[in-house]
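Bear in mind the structure is a predicted one, so any value in this text is a computation, not a measurement.
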Amino acid sequence: MNNVTDTARTLLLRNARLVATLDERYPDCPDASVLVRGRTIAAVGPASELAAQADEVLDCTGCVVIPGMVNTHHHFFQSLTRAVPAGQDAELFDWLTAHFPIWSRLTPEMIRVSTQTAMAELVLSGCTTAADHLYLYPNGSRLDDSIEAAQTMGLRFHATRGSMSVGQSAGGLPPDALCEREADVLRDCDRLIDQWHDDSHGSMLRIALAPCSPFSVSEALMRDTRDMARARKVRLHSHLAENFRDVDYTRDHFGCTPTEYAERLDWLGSDVWYAHCVKLDAAGIAAFAATGTGVSHCPSSNMRLASGIAPVRAMLDAGVPVSIGVDGSASSDAGHMLGEVRQAFLLARVSGDPAGLTAREALACATRGGARVLGRDDIGTIVPGMAADLAVFDLRRIGYAGGGHDPLAALVLCAPDQVRHSVIDGRVVVREGQLQTIDLDRHLALHRELAARLVLPAPALPLQGSRP
């Protein structure tokens, strides 16, 4: 592939067993190297031909290099509430009801620290871009807490301003005290776009607007958020059709299916993506495909909460943009992106189709599929001119022993591992398995302390947010 020329600093990922472009226009490259110039992929080719001098060299001997994976749905704050006994064996609504009182004690410090923990876990698992859905803001917490914490981590970030405005007294699921006035939500959304959103090529930070769910947000806020997002040219995100109670709520309160509700609100389109969609019916799949509406498939969370199996094969066959999300670390109890790809691959076969999802298709959902769902044309493949986001996995590790017959498939079929190297925006963020951006041991000690403080029974802190 032709070089992209400029005079910026160079980085060479040298002598990989395989460079998987995951771009249908370009074949995979065995025994290859990748040259990065500045923030951009400059060249990909045989290691013997790409022996260029570089300012820095990463040895990729025995490794597979893939595009950095794109996580399209997460709740970073939930890394503080993994394996909480309350709600451990509950479906979605009961699980949320068990966790809301705990989350009401979240503080700005907890938001900051949990953001960095979740990002560290993602980066080590091969993720280079992540969308986070923060939908509750107790005790003075703001989305800015997460954004500012993310600045130190090196991960490409899509921060979504979530919201809840319909509490239990108005027929919703969340406690009233965790809901906000809708005018306050909209004012803050506008401020965040002004302050943080960057839509440039190679942007490291974008804002999206994300009312939480049909059972926690009014139709009025959905419409007003839609209007703002389209006027300001940012994306829209929410949960939809996650489980049977979610569908029943939409039918009981709005008299229609989840997809019909989205159509009524003009919440379908190539600027919209939804998490889960486990219960999307055939008409819904057709509507999503026709409008280019994206889906974030979260297999581990769907299994953990007994929500069911999303119809991913049918979605892909219809042309729905499908991506992968790890979801919150209190419903999946993990944030390993490659592990989530493997779960998606396996879950698609449970119903009896041995080719329900191939290894390459699963990785494509997690790379270029995620880029498409987030509206990015600058990430998701290893092609000259694309942003230099690369994940390097070492096939010489024990979990991949004997898997060299098909190195790319081995990443999905074998037990998921951590990266040997990770490059994000041309910067080495993981080198020889070690995160370069924070002192992880020290950070995790603080995270454990805050998690214990949050979950141990104690009176809830006074909420600073306003109620509807």
Side-chain angles (χ1 to χ4, degrees), residues 22-25 69-73 131 133 158 160 208-211 213-214 222 226 229-230 233-244 246-247 250-251 254 256-299 302 307-325 327 340-341 344-345 347-351 353 355-358 360-377 379-381:
L22 288 172
D23 188 306
E24 294 173 335
R25 301 167 297 171
M69 287 179 281
V70 181
N71 169 31
T72 56
H73 186 68
H133 191 185
H158 285 235
T160 78
L209 305 186
S213 63
M222 292 290 286
R226 172 206 66 201
R230 288 180 173 153
K233 294 182 170 53
V234 300
R235 300 182 82 73
L236 290 162
H237 181 50
S238 190
H239 299 89
L240 194 76
E242 185 168 353
N243 80 344
F244 71 98
D246 188 2
V247 174
T250 304
R251 288 189 181 279
F254 309 118
C256 59
T257 69
T259 302
E260 289 167 344
Y261 183 58
E263 287 177 314
R264 178 195 301 174
L265 298 172
D266 193 17
W267 257 74
L268 294 179
S270 60
D271 60 343
V272 182
W273 86 102
Y274 289 102
H276 302 292
C277 297
V278 174
K279 301 299 183 182
L280 207 62
D281 58 17
I285 291 171
F288 272 50
T291 57
T293 305
V295 171
S296 181
H297 176 40
C298 305
N302 296 342
S307 296
I309 303 173
V312 171
R313 181 74 268 161
M315 292 179 190
L316 290 172
D317 289 345
V320 175
V322 177
S323 60
I324 302 293
D327 202 13
E340 207 64 37
V341 172
F345 165 81
L347 191 58
R349 298 176 172 220
V350 167
S351 61
D353 182 357
L357 195 65
T358 69
R360 180 172 285 273
E361 284 177 321
L363 281 169
C365 288
T367 52
R368 68 172 186 266
R372 181 184 177 190
V373 163
L374 294 184
R376 306 288 303 233
D377 61 2
I379 60 175
T381 61

Answer whether the closest heavy-atom distance between the side chains of [X] and [Y] falls below 4.5 Å.
X: Val278; Y: Asn243; result: no
X: Val234; Y: Leu209; result: yes
X: Leu265; Y: Phe254; result: no
X: Asn302; Y: His297; result: yes
X: Trp273; Y: Leu374; result: yes

Between Arg251 (side chain) and Pro258 (backbone), is there a donor-acceptor pair under 3.5 Å? no
Is it true that a side-chain atom of Trp267 and a backbone atom of Met222 form a donor plus acceptor pair closer than 3.5 Å? yes
Could I get the full list of salt bridge (Lys or Arg N to Asp or Glu O under 4.0 Å) partners for Asp317, not counting sequence neighbours? Arg313
Please evaluate residues Leu316 and Leu357 with respect to the criterion side chain to side chain contact (heavy atoms under 4.5 Å, CB included), reporting the C-alpha separation (whole Å), side-chain torsions for both, the decisive distance (0.1 Å), and the verdict. CA-CA 10 Å; Leu316 290 172; Leu357 195 65; 3.5 Å; yes
Taking all heavy atoms of [X] and all of [Y], pick out the closest pair and write down the distance.
X: Ser238; Y: Pro211; value: OG-O, 2.8 Å
X: Glu260; Y: Thr257; value: OE1-N, 2.9 Å
X: Ala366; Y: Val341; value: CB-CG2, 3.5 Å
X: Gly325; Y: Pro299; value: O-CD, 4.3 Å
X: Cys277; Y: Ala310; value: O-CB, 4.3 Å

Given side chain to side chain contact (heavy atoms under 4.5 Å, CB included), test Ile309 with Val350 step by step and report yes or no. CA-CA 9 Å; Ile309 303 173; Val350 167; 4.3 Å; yes
In short, side-chain hydrogen bond (donor to acceptor under 3.5 Å, both in side chains) pairs touching residues 279-292 with sequence neighbours left out are Thr291-Thr293
Does any donor atom in the side chain of Arg235 or His158 lie under 3.5 Å from an acceptor atom in the other side chain? no
Apply ring pair (Phe, Tyr, Trp, His ring centres under 6.0 Å) to His276 and list each qualifying residue two or more places apart in sequence or on a separate chain.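 With neighbours one apart ignored, the set is His73, His239.
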Taking only residues two or more places apart in sequence, or in another chain, which ones meet Phe345 in a ring pair (Phe, Tyr, Trp, His ring centres under 6.0 Å)? none
Atom [atom1] of [X] and atom [atom2] of [Y]: how far apart are they, to the nearest 0.5 Å?
X: Leu236; Y: Tyr274; atom1: CG; atom2: OH; answer: 8.0 Å
X: Phe288; Y: Thr259; atom1: CZ; atom2: OG1; answer: 5.0 Å
X: Asp327; Y: Glu242; atom1: CG; atom2: CD; answer: 6.5 Å
X: Glu340; Y: Leu347; atom1: CD; atom2: CG; answer: 9.5 Å
X: Cys365; Y: Leu22; atom1: SG; atom2: CG; answer: 11.0 Å
X: Leu268; Y: Tyr261; atom1: CG; atom2: OH; answer: 12.5 Å

If we check side-chain hydrogen bond (donor to acceptor under 3.5 Å, both in side chains) with Ser323, which of these qualifies: Thr72, Thr367, Asn71?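 Single pass found, and it is Thr72.
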Test side chain to side chain contact (heavy atoms under 4.5 Å, CB included), reference Asp271, set Lys233, Arg226, His237, Arg230, output is Arg230
What pairs with Pro311 under side-chain contact (heavy atoms from CB on, under 4.5 Å), at least two apart in sequence or on another chain?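 By the side-chain contact (heavy atoms from CB on, under 4.5 Å) rule, Pro311 matches Ile285, Ala314, Met315.
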According to side-chain contact (heavy atoms from CB on, under 4.5 Å), who are the partners of Thr358, at least two apart in sequence or on a separate chain? Arg360, Glu361
